[in-house]
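Here's the structure, in C-alpha cells; my notes come after.
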Amino acid sequence: MSTEFEPNVVAFLCNWCSYAGADLAGTSRTHYPSNLNVIRVMCSGRVNPLYVVNALQQGADGVLVSGCHPGDCHYMEGNFYARRRFTLLRELLEYVGVEPGRFNMSWVSASEGAKWKDVVGEVTKKAKEAGPFKQFRRAKINW
Amino acid sequence: MVNVDKLKEIARETISRDDVKYLIGWRQGTYGFRAAPYFMSTPEEAEELIFSPLCTNNLATYLTLAEKLPVPRGQEPDSRKVALLVKGCDSRAVVQQLVEQGISRERVLVIGCPCRGVIDQKKVEAKFPDVREAVSAVWDGDTVVFNLPGGSVAVPRQEVLAGKCLTCRYPNPVIADVTVWEEVAVWGSDDYVDVRELEAGSPQQRWGFWEEKFASCMRCYSCRNVCPMCYCEDCVLDRLNPQWIMRSVNTAENTAFHLARAFHLAGRCIECGECERVCPVDIPLMKLNRKLTKEVRDKYAYEPGVDPEAKPLQASYRPDDKEDFIL
Amino acid sequence: MDMKKVRKEKFADFLATLAEQKLYAPQKVGESLRFAPVTDSGKVELEMSNTTVPPKSVFFPQTETLYRYEVGNTEIQQPAMGGVDIVLGVRPCDARAQVIVDSLFGWDYNDPYYQERRKATVVGLACNKPCVNCFCLSLGGGPASTVGLDLLMTDLGDAYLLQPLTEKGEKLLALAGETVETAAAGDREAAESLHGQAEQMITRKVETAGVAEKLPGLWEHSLWQETANSCLGCGICTFLCPTCHCFDIQDEVEGLEGRRCRMWDSCMFKEYTLHASGHNPRPTRRERTRNRINHKYSYFVQKFGHTACVGCGRCINYCPVNIDLVEILRQVKEAL
Amino acid sequence: MNNKPKIGVYVCHCGVNIARTVDVEAVREFASRLPNVKVVRNYAYMCSDPGQLLIRDDVEKEGLNRIVVASCSPRMHENTFRKTLAAAGLNPYYLEMANIREQCSWVHEDREEATAKAKKLVYAAVAKARLLEPLYEKEVEVEPASLVIGGGIAGIQAALDIANAGFKVYLVEKTPSVGGRMSQLDKTFPTLDCSACILTPKMVDVANHPNIELLAYSQVEDISGYVGNFDVKVRKKARYVDVDKCTGCGICAEECRLKGRIPSEFDMGMGKRSAIYLPFPQAVPAKYTIDPERCLYLTRGKCGKSPKCADACTAGAINFEQQDEIVEFKVGTVIVATGFDTFDPTRKPEYGYADYDNVLTGLELERLVSASGPTGGNIVLGEGENAFVPKDIAFIKCVGSRDKSVGNEYCSRVCCMYTAKLAHLVEEKIPGANVRIYYMDVRAFGKGFEEFYDRVRREGIRYIRGNPSEIFKRGDKLVIKVEDTLAATPLEDEVDMVVLAVGLEPRKDAREIIDILRLSQSADRFYLEAHPKLAPVDTATDGVFLAGCAQGPKDIPDTVAQAKGAASSALVLLSSGKVKIQAQISFINENTCRGCGYCVEICPYGAIELVTISRMGNPVQVGRVNEALCKGCGACAAACFSGSAQQKSFMDRQILPQIAVLGVMR
Amino acid sequence: MCNNANPYIPYVATIEDAWFETVGERCVKTFKVTLDDPVARKNWRHQPGQCAMVGQLGVGESMFCISCSPTEGDFLRFSIMRAGKNTQALHELEAGDKLTVRGPYGNTFPVDEWKGKKILTIGGGIGQAPLRPIVEYVKANLDQYAGLTMIYGARTSGDLCFKDEFAAMSGRDDLSCHLTIDVEEEGWEYNVGFVPSLLMDLSPSPENTIAITCGPPIMIRFVLENLKKLNFADDQIYTTLENRMKCGIGKCGRCNVGSLYVCKDGPVFTYATLKDIPEAFA
Ligand SMILES: Cc1cc2nc3c(=O)[nH]c(=O)nc-3n(C[C@H](O)[C@H](O)[C@H](O)COP(=O)(O)OP(=O)(O)OC[C@H]3O[C@@H](n4cnc5c(N)ncnc54)[C@H](O)[C@@H]3O)c2cc1C
Ligand SMILES: Cc1cc2nc3c(=O)[nH]c(=O)nc-3n(C[C@H](O)[C@H](O)[C@H](O)COP(=O)(O)OP(=O)(O)OC[C@H]3O[C@@H](n4cnc5c(N)ncnc54)[C@H](O)[C@@H]3O)c2cc1C
Ligand code: SF4
Ligand code: SF4
Ligand code: SF4
Ligand code: SF4
Ligand code: SF4
Ligand code: SF4
C-alpha cells in the first residue's frame with residue numbers, strides 16, 4: 001500500500017453531455033484515476049454553488065462541475081448560468097484561501113470520452129498537488 | 001447645503017399624507033456619536049428628525065424587514081406607502097430591491113438626501129474616547145464638525161468617514177420621489193485597493209487572514225438581518241431541513257456561512273457597508289463582499305442597484321462571458 | 001484574608017504560574033476580545049473596558065457537546081466535563097451575572113456541564129474606567145463588586161492589587177508563590193479610591209426598583225412596537241449579554257460519527273418559538289422585544305428573585321440600531 | 001405517510017464486465033451493512049429477465065420499497081429498471097442507479113481501487129435512495145386544434161395537412177392576403193413553373209376548407225398555456241370593409257381619390273394602388289381593405305364631401321366605424337411559419353441601391369418580369385419618355401449573405417438559383433440582352449439545381465467570379481468596379497441595370513413572436529429549432545413547431561417539406577389526444593419563496609410565473625411552476641437563494657447526503 | 001423524574017409496536033415503546049399529562065406527551081404527528097427499531113385530587129394525545145370517579161386518533177364518548193360539527209366536574225369561552241400548552257409563557273393560572 005496522498009474529488013456532471021461523455025470514456029475502456037466520484041444532475045445549471053462549499057466542507061479535496069459546451073446545453077442556457085455562478089464562486093473560494101486547483105469546471109460533450117479522461121487526470125492531479133483540504137473541512141472541530 | 005428644516009418640512013407633509021403609513025428617518029442616538037433609525041407616524045415627530053454625518057444606518061433594510069402579522073379574516077392588509085429617507089448608497093438598495101421585486105414601487109416613497117459622507121463610529125470614538133453624552137455633528141466643507149460638550153471640533157472628513165464613503169461613487173440618490181436639496185459632487189472612485197492587497201498574497205496567507213476572522217464569528221446573524229438584500233422568508237443559512245450549515249459555531253461552519261452569505265450577495269450587494277458596521281466582533285465583511293463586487297464589475301460590467309430595469313446578474317448571462325478557467 | 005499584589009513586570013510570570021492549570025483570560029480573537037485559554041501570557045489583554053463576549057462563554061460555551069454516539073448504534077458517550085480551572089480578568093458585572101445564571105442552571109435539574117466548569121476560580125478585575133454605557137450601579141453592582149468572585153484584582157498602575165475573597169482565591173494566591181508580594185500599606189486605600197473614582201464616572205443611571213411590578217401592566221404599551229420597529233432581530237444583544245442563557249439542541253453527524261450538542265440561541269430570533277404548525281406565539285419583533293425585557297426584569301425576578309441584568313451595557317454598546325435598555329427602562333418608569 | 005425505507009441493492013456482474021475488475025461480493029457485503037438496506041444481491045445480468053424478476057420477487061417477499069441497481073450507466077438502463085419497479089408495483093421513481101461499469105470497472109484497472117470506488121458509489125446511491133419520493137407522470141388532454149401563424153406557402157401547406165387530417169386549424173396572416181413571398185414570384189426555379197399557378201389553388205383551398213378558419217389581416221396578441229392547451233388571443237385588425245358584404249368587385253378602388261398614388265407593397269413599390277385595395281388580383285380572401293395610414297377619411301376625418309369608396313360600393317360594405325376585434329380560442333399545438341424579409345441593400349451603400357433607380361433587388365425584378373406585375377411583364381426601366389429597355393445587365397450575388405460586415409454569416413440558399421432563374425427570364429424577355437453574373441461561389445446543391453445552372457450558362461449568361469467593390473454612375477451607365485478573381489484583372493463594367501441578389505433575413509418583427517412564445521434565436525437570428533439534426537421542426541417549447549423560412553432560409557420545396565414535417569409533428573399530438581408530462585420537474589415551496597423572480601428569468605421554458613398568494617392574509621408574490629412547461633433542468637433550483645425552488649428527484653436534501661458520502665467516505 | 005445524573009442523557013428504548021392512527025400530510029403514528037434498561041424501566045414513573053423527549057441519535061429529539069396511563073402497563077406510548085424533521089424521521093421507524101427517551105417531564109394532571117369528580121375531556125385532533133392517559137387512568141379506576149365524558153373531534157374521520165379504542169368504549173353507561181367531525185362524510189354515524197358547538201349541545205353541568213381541553217389553539221379558545229358560558233369556574237378547567245422546547249428541563253429558555261416554563265411548571269395548567277398570562281393563548 002502506498003502512503004501517498006490520494007485526493008477525494010466530487011464531480012457534478014450534467015446528464016446529457018458530460019455524463020454521456022464519461023460513459024463514452026467507459027465504453028471505450030479508457031483508463032483514468034479512481035479518485036473522482038460522480039453525482040449526476042440533469043444540467044450543469046442545476047448545480048447549486050453551495051454544493052461545492054458543502055463538498056469541501058464534507059471532505060472533498062477537489063470539486064468538478066462539468067457540463068455541455070456553451071451553446072450545446074440540452075436546456076439551451078443552463079451552462080451559461082452555471083458559468084457565471086462558478087466563475088464568481090471560484091474567485092470567492094480562492095480569495096479566502098482555497099487553492100486554485102481545488103475547484104474546477106469543464107465542458108465535456110457526449111463525444112469527448114477522451115477529453116473526459118484528460119479532465120479527470122487533470123483535476124485529480126491538481127487536487128493531489130493541493131494536498132488534503134483542511135481549511136474549512138467539517139472534520140469534527142471541537143467535538 | 002444640508003437644510004434640515006426643509007427636510008423636516010417635507011417629512012411633516014409626507015407623514016400627513018393619508019396614503020403614508022410611516023416615515024423612516026434618523027434621529028440623534030442616546031449616547032456618543034450615534035444616530036438611531038426613527039419611525040415617524042405623526043407630523044410632530046418630525047421635529048426630532050436629523051440628517052447629519054451620523055446617519056450611517058441604511059434604512060432601506062426596513063422595507064423588507066417589516067414583519068407582517070396575520071391579517072384577521074375580513075380585514076384588509078394595510079397597503080399604505082412607507083416613506084423613507086435615503087442617502088446615495090441606501091438608494092441603491094432600494095433600486096436593487098425593486099429589481100428583485102422585494103418591494104413594489106407603489107408601496108414606497110423615497111425621499112432622497114444627497115450625502116457628503118457619514119462617519120465610522122469607531123474612528124470617531126478613537127479620536128474622542130472619553131465622550132459619554134450624545135453628540136451631534138454637521139458637515140462643513142471638507143470637515144465634519146462635532147458638537148462636543150467642551151465645544152465644537154472640526155475634523156477633516158477623510159479621517160472620520162466610513163470606509164464605504166471614502167470610495168463612494170453614488171453620494172446622490174439614484175432613485176427618489178423627492179430630492180431634498182441639490183446634488184453633491186461625486187468625490188470617490190474605487191480601485192478596490194483593499195481587495196487587491198489581499199489578492200496578492202498566497203492562498204496560505206489569504207486563509208491566514210480569514211481563518212481567525214471567520215473563527216471569531218458568533219453567528220448572531222446581525223450581518224444578514226441588517227442587509228437590505230437579505231430578506232428570504234426562511235434563510236438557507238439557518239434552515240434545518242435540509243441543513244446546509246450546522247448550527248454549531250466553529251471555523252468550518254462559520255466559513256461556510258460566510259461563503260454562502262457572500263455568494264448569495266454576488267451581484268446584489270450595493271456596498272452600503274452595514275453588515276460590516278453591525279458586526280459585534282468586527283469581521284471585515286466588506287473585504288469579502290467587495291471581492292465579488294469587483295469581480296462582477298470587472299467580468300460582467302455589472303453594477304447592482306443603479307438601474308431598476310436591469311436584470312439580476314445571477315439570473316442573466318451573455319454567451320460570450322469569460323471562461324478562462326474552464327477545462 | 002491577606003491582600004497581595006503582583007507587579008506589572010512580574011505579571012507575565014504570575015500568569016505563567018497560573019497557566020499551569022487551565023487558565024482562561026481575555027485575549028484578542030480575530031478583532032474582538034473574549035476569554036480564551038492562555039497559551040502565551042503575553043497575549044492576555046487586561047487594558048480593556050470589558051471583553052466583547054462575556055465570560056459566560058467559558059462556563060457555557062457557545063457550542064458544547066452533550067454526548068457522542070455512532071449512528072446506527074445506541075451507545076452514548078459523555079464527553080469529559082470541566083476543563084476550566086481559573087478564569088481571570090472577569091469584570092465584576094460579569095461575575096455577578098454568572099451568579100444569576102447559576103440559579104437557572106441549578107434549579108431543579110442540575111446542569112452537569114455548566115456546574116463542572118463553575119468550579120473554576122474566578123479572578124475579577126475591578127473597573128477603573130467604566131464604559132460609556134455601564135449602568136451597573138443601577139442594578140446594585142459596582143466597579144468593584146465582589147459578588148461571584150474568588151479574588152479581585154485592582155489595577156494600581158504599576159501593579160495589580162490582589163484581594164482574595166474566598167478560599168479558592170486564597171489557594172490561587174498560594175499557587176502564585178513568588179510572583180506575588182504582600183500588599184503595601186497604602187495599596188488598599190489607593191484601590192478604594194480608584195473604585196470610588198470609577199463609580200463617579202458612571203453617568204448612566206436608571207431607577208430599576210418597581211420595574212418588575214410595573215411591566216405586566218405595560219403589556220400592550222406602544223413602547224414595545226416603537227422599540228421593535230428598528231430592531232433587526234439579531235442575536236447581538238442576547239449573545240453578548242452575560243446573563244442570557246438560552247440554547248438550542250441539535251444533532252450533528254459526520255459520516256457515522258454523531259453528537260448531540262447545544263449552542264446558544266436567542267429569543268430575538270423568529271425561529272426560536274416557531275411551532276411545527278407554523279404558529280408562532282411571538283410572531284414579530286414586538287413580542288420578542290417585549291419578552292426579552294420582561295424576561296430580564298420581570299419573569300426572572302418572579303422565578304428566581306433577582307433581575308437578569310447586571311448593567312454591563314453590552315446590549316447597548318453593540319446594538320447596531322441603538323436600542324438602548326436604559327432608555328427602555330426609563331420609558332417603563334415613565335409610562336402611565 | 002412515510003414508511004421506513006427498505007432498500008434492495010442489486011449488484012450486477014455484467015458478465016465479467018464489472019465482476020472482473022470489481023469484487024462484487026465485497027460490494028455486496030459492504031452494502032448489506034448500510035442503513036436501511038434490507039436485501040443485497042449479486043447477479044450476472046441484472047437487466048436480463050431473470051435479473052429483473054429477482055427485484056420483483058424481493059419487492060413482493062421482502063417488502064422492499066426502494067431499489068438501488070449498481071450496474072451500468074443510468075443512461076443505458078434507467079428506463080428498463082423503472083419498468084421493473086412499475087411491474088413490481090412500486091413507483092418507478094423509487095429507483096437509484098450506481099454506475100459501477102462505465103464509471104468504474106471499465107475505467108479502472110486496479111481491482112482494489114475499483115472495488116473501493118464501487119462501494120462508495122453504491123453508498124451514495126443508497127443515501128439518496130432512502131430519500132426518494134414517488135413521482136407521477138401526469139397526462140394532459142390535447143385540444144384538438146392547431147394555430148398556424150403566417151400564411152405563406154409554409155403556413156398554407158401546414159394548415160392544409162392538419163385540416164385534411166380532420167383537425168381544426170386557425171391560420172393567422174398578418175397582411176390582408178395569404179400567399180407570402182411565393183405569391184410575388186413569377187416563375188420558380190428550377191422547373192420554371194408559374195408560381196401563381198401552383199400557389200393559387202392552395203390559397204383557395206385554405207379559404208374554402210371547412211376545418212380552416214382563416215384570420216387574415218390579423219395578429220397574434222398573446223399565447224399562454226402549454227402543450228395541448230394553449231390559449232390564443234388574436235387581434236383581427238379593422239379592414240373598414242365588411243367582409244361578409246364585400247364581393248371583391250373592386251369598384252371602390254377604381255373610385256378612390258388616391259387611386260394610383262400609393263406604392264403597392266406587393267409590387268415592391270413599383271406599381272401603385274388605391275387607399276382601398278386588394279394586394280394582388282388572386283388575393284385570398286378576395287376582400288378589399290382600407291389602408292388606415294393612407295385613407296384620407298381615416299387619417300384626416302374627411303375625404304372630399306363624402307368618401308368615394310363608400311359612395312361607390314353597391315354592396316354597402318364600407319364601414320369606417322369598424323373596430324379591431326379580439327378573438328380568443330384554444331389550440332393544442334402551434335406552428336410558426338412567419339417567413340422572412342429580404343435583405344435591405346441600402347445597408348451596403350457601395351451598391352448604390354438608394355442612389356440609382358436602375359439598381360434593383362431580385363424580388364423587384366420578380367415583379368418586373370411577372371405578367372401580373374407593374375409593367376405587365378416587360379422589363380422596362382424609367383418612366384414615360386425616359387423609359388428604356390436595359391441591354392447590359394449585371395447580377396450581383398450574395399448581397400447580404402455570407403457577409404460578416406452586415407452580420408449575416410449564413411448562405412441564403414435561394415439567391416444562386418433565383419439569380420440563375422431571373423437571368424434566364426431576362427435573357428428570354430430581352431432578346432440579345434447581355435447578362436453577366438458576379439459571384440463568389442455557385443451553390444447548386446438541390447435536386448435539379450446543377451442541371452438548371454448548366455442550362456442557364458449554356459444560354460450565354462456569363463459568370464464572372466468577383467465581388468464588386470463599388471457601383472457608380474458614368475453618363476447614362478452604371479459602372480461596376482470589380483476584380484475578376486479568376487483572371488486576376490480589375491474591371492470596370494458598364495451596364496444599364498444591376499440586380500442585387502439580396503439574401504433572406506429574419507423578419508424585422510420577429511421579436512413579436514419570440515416574446516409571445518418565448519422562442520429562442522440561433523446565431524443567425526432565425527428561430528431556433530430544438531435540435532439542428534434530430535428535431536429540426538420542434539422548438540424548445542413543447543407543442544410549438546417551426547416551418548419555412550422562419551427557421552432559416554430555404555427554397556419552396558424545402559419549405560413545403562418542412563411544413564409537412566411540422567404538420568405531422570403537430571398531428572402526432574393532436575391525434576393521440578394526450579401528452580405525458582415529465583415527472584422529474586421542479587416545484588416551488590410557496591411558504592419560503594421570496595418572490596424575487598430569479599427562477600422566472602432563468603427558466604428557459606418560461607415555465608415559472610409570479611403569482612400573488614395570501615400569506616396569513618398578507619398578499620405576497622411567489623413563483624409557481626407550470627408543470628406542463630417545465631422540462632426538469634433544475635436551473636431554477638440552483639438559482640433560488642431561498643432554496644424554495646426544488647427539482648423532484650434532485651432536491652437539495654437528496655443531493656447533500658450524496659455529497660456527504662462521497663466526501664466523508666475514504 | 002429522570003434518574004440520570006446527567007439529565008441530558010436519554011434512555012435507549014425499543015419500539016414494540018407502531019401503527020398509523022391517521023393518514024395524510026400531517027398523519028399521526030403511535031409508538032409503543034419499552035426502555036431497554038430493566039432498572040430504568042422499573043424506576044420509570046409517569047402520571048397523566050407528563051411528557052418525554054423522544055428522538056433518534058443522528059436526527060434529534062422532540063417533546064411529546066406520554067399518551068398512555070401508567071395503569072396500562074410497563075410501556076410508554078407516544079402519538080406523534082408528522083410535522084418536520086424529527087417527526088418525519090420518527091415516522092420511518094417500525095417495531096424493533098431503537099429510540100431515545102428522556103423524561104418524564106413536566107407536571108401532571110392532578111388525577112388523584114380529582115377523585116370523586118366527574119371528568120370531562122374535550123379534545124381536537126392530535127390534542128387527544130395528552131387526554132388519552134386521563135381517559136385510560138379514569139377508566140382503570142372508574143369506581144373512584146363520578147363518571148367520564150369524552151368529547152373528541154377532528155377535521156375528518158381519517159384525522160381521528162385512537163379510533164379502535166372508542167369503539168370499545170361505546171355501550172357503557174358509566175362513561176360516554178362523543179365523536180364529531182367537521183363536515184358530513186359517508187358512513188359516519190356520529191356527530192358532525194365543531195367541538196365547541198358539540199360541547200354546547202351537550203351542555204354538561206359544571207357541578208363537581210373537571211373539564212380538560214386540548215387541541216388546536218383556535219378550538220381551545222372557543223371551548224374555553226363555552227365552558228365559561230356553561231359556568232365552569234376557572235379552576236375547574238384544565239388545559240395543556242405545547243410551546244416549542246428543546247431541553248425539557250427548564251434551561252433552554254424558549255417555552256416560557258410569562259414567568260412559567262411550560263416544560264416544568266406545565267404543560268398542565270388551570271385556566272385560573274393561564275387567564276392572567278397574556279401570552280398563554282397567543
Ligand atoms: C409539551 C409538548 C407536548 C407535545 N406533545 C405532542 C404529541 O403528543 N404529539 C405530537 O405529535 N406532537 C407533540 N408536540 C409537538 C412536537 O414536539 C412537535 O411537533 C415536534 O417537535 C416537531 O419536531 P420536528 O423535528 O418534526 O419539526 P422541525 O423539523 O424541527 O420543525 C418543524 C417546525 O416545527 C417547529 N418545532 C420544532 N420543535 C418544536 C417543538 N418542540 N414544539 C413545537 N414546535 C416545534 C419548528 O419551529 C418548525 O417550524 C408536543 C410539544 C410539546 C412542547
Ligand atoms: C427573390 C426571390 C426569389 C425566389 N425564387 C424562388 C424560386 O424560384 N423557387 C423557390 O423554390 N424558392 C424561391 N424563393 C424562396 C421562397 O420565396 C421561399 O422559400 C418561400 O416564400 C418561403 O415561404 P414561407 O411561407 O416560409 O415564408 P413567406 O413567404 O415569407 O410567408 C410568411 C407569411 O407569414 C406572414 N407573417 C409574418 N409574420 C406574421 C405574424 N406575426 N403574424 C401573422 N402572419 C405573419 C407574412 O405576411 C407572410 O404571408 C425566392 C425567394 C426570393 C426572395
Ligand atoms: S454580524 Fe459578525 S458575528 Fe454576527 S453573524 Fe455576522 S459576521 Fe458573525
Ligand atoms: S452585503 Fe453588506 S454591504 Fe452589501 S448590501 Fe448587504 S449589508 Fe450592504
Ligand atoms: S442587538 Fe439590537 S437589533 Fe439586534 S436583536 Fe438586539 S435589540 Fe434588536
Ligand atoms: S441586559 Fe444588557 S446590560 Fe443587562 S446584563 Fe445583559 S447585556 Fe448587560
Ligand atoms: S428564485 Fe426562489 S425565491 Fe425567487 S421567486 Fe423563484 S422560487 Fe421564489
Ligand atoms: S426545472 Fe428548468 S424547466 Fe423546470 S421550471 Fe425550473 S428552470 Fe424551468
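In what follows, chains carry the letters A, B, and so on, assigned in the order in which the sequence lines appear, proteins first and then strands, with residues in each chain numbered from 1. As a basis for the values below, the full set of heavy atoms in this structure was taken, side chains included, without hydrogen atoms, waters or symmetry mates.
When every heavy atom of Leu88(A) is checked against every heavy atom of Glu295(B), the shortest pair comes out as CD2-CB, 3.9 Å. For Ile326(B) against Ser106(A), the heavy-atom pair with the smallest separation is CG2-CA, 3.6 Å. The two residues Arg137(A) and Ala252(B) have their closest heavy-atom pair at O-CB, 3.4 Å.
Proximity to chain A is absent for every atom of His258(B), based on heavy atoms less than 4.5 angstrom apart. Using a 4.5 Å cut-off between heavy atoms, Val65(A) makes no contact with chain B at all. Using a 4.5 Å cut-off between heavy atoms, Gln314(B) touches chain A through backbone and side chain atoms alike. Contacts of Val53(A) with chain B are made by side-chain atoms alone, with heavy-atom separations under 4.5 Å and no backbone atom involved. Both the backbone and the side chain of Ser316(B) come within contact range of chain A, each with at least one heavy atom under 4.5 Å from a heavy atom of that chain. Proximity to chain A is limited to the side chain of Trp210(B), based on heavy atoms less than 4.5 angstrom apart. Only the side chain of Lys299(B) comes within less than 4.5 Å of a heavy atom in chain A; its backbone stays farther off. Proximity to chain A (any heavy atom under 4.5 Å) is restricted, for Ala266(B), to the side chain, taken from C-beta onward. For a residue to count as touching a neighbouring chain, one of its non-hydrogen atoms must lie under 4.5 Å from one of that chain's; by this rule Asp320(B) touches chain A with the backbone only. Proximity to chain A (any heavy atom under 4.5 Å) is restricted, for Phe214(B), to the side chain, taken from C-beta onward.
Sparse packing is recorded around CZ of Arg318(B), with 12 or fewer heavy atoms of other residues, nucleotides or ligands lying under 6.0 Å away. Surrounding NZ of Lys122(B) are more than 12 heavy atoms belonging to other residues, nucleotides or ligands, all under 6.0 Å away.
Using cut-offs of 30° and 60° on the angle between ring planes, the pair Phe80(A) and Tyr317(B) is parallel. Between Tyr51(A) and Trp244(B), the ring planes lie parallel to each other; the angle is under 30°, not in the 30° to 60° tilted range.
Here Leu50(A) contributes atom CG and Leu259(B) contributes atom CG; the two are 9.0 Å apart, rounded to the nearest 0.5 Å. In this structure, Asn54(A) CG and Gln243(B) CD are separated by 10.5 Å, a value rounded to the nearest 0.5 Å. Note that CG of Asn104(A) is 8.0 Å distant from CZ of Phe325(B), once rounded to the nearest 0.5 Å. The CH2 atom of Trp116(A) sits 10.5 Å away from the CG atom of Leu327(B) when rounded to the nearest 0.5 Å. To the nearest 0.5 Å, atoms CG (Leu56(A)) and OG1 (Thr255(B)) are separated by 11.0 Å. With rounding to the nearest 0.5 Å, the separation of CZ in Arg85(A) from CZ in Phe263(B) is 7.0 Å.
Gln135(A) has its side chain out of reach of Glu211(B): every pair of non-hydrogen atoms, C-beta onward, lies at least 4.5 Å apart. For the pair Pro319(B) and Pro70(A), the minimum side-chain heavy-atom distance is 4.5 Å or more.
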Please determine whether side chain to side chain contact (heavy atoms under 4.5 Å, CB included) holds for the pair Thr87(A) and Asp324(B), giving the CA-CA distance in whole Å, both sets of side-chain angles, and the decisive distance to 0.1 Å. CA-CA 9 Å; Thr87(A) 305; Asp324(B) 36 18; 5.7 Å; no

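Interface remark: of the candidates Glu77(A), Arg90(A), Glu122(A), Arg83(A), Arg83(A) forms the most heavy-atom pairs closer than 4.5 Å to chain B. Considering only heavy-atom pairs separated by less than 4.5 Å from chain B, the leading option among Lys115(A), Arg84(A), Met105(A) is Arg84(A).
Of the N and O atoms on the side chains of Trp107(A) and Glu323(B), at least one donor lies less than 3.5 Å from an acceptor on the other residue. Glu199(B) and Tyr95(A) are not linked by any side-chain donor-acceptor pair at a separation below 3.5 angstrom, with hydrogens and angles left out of the test.
A salt bridge between Lys294(B) and Glu91(A) is absent, with no side-chain N of the basic residue lying under 4.0 Å from a carboxylate O of the acidic one.
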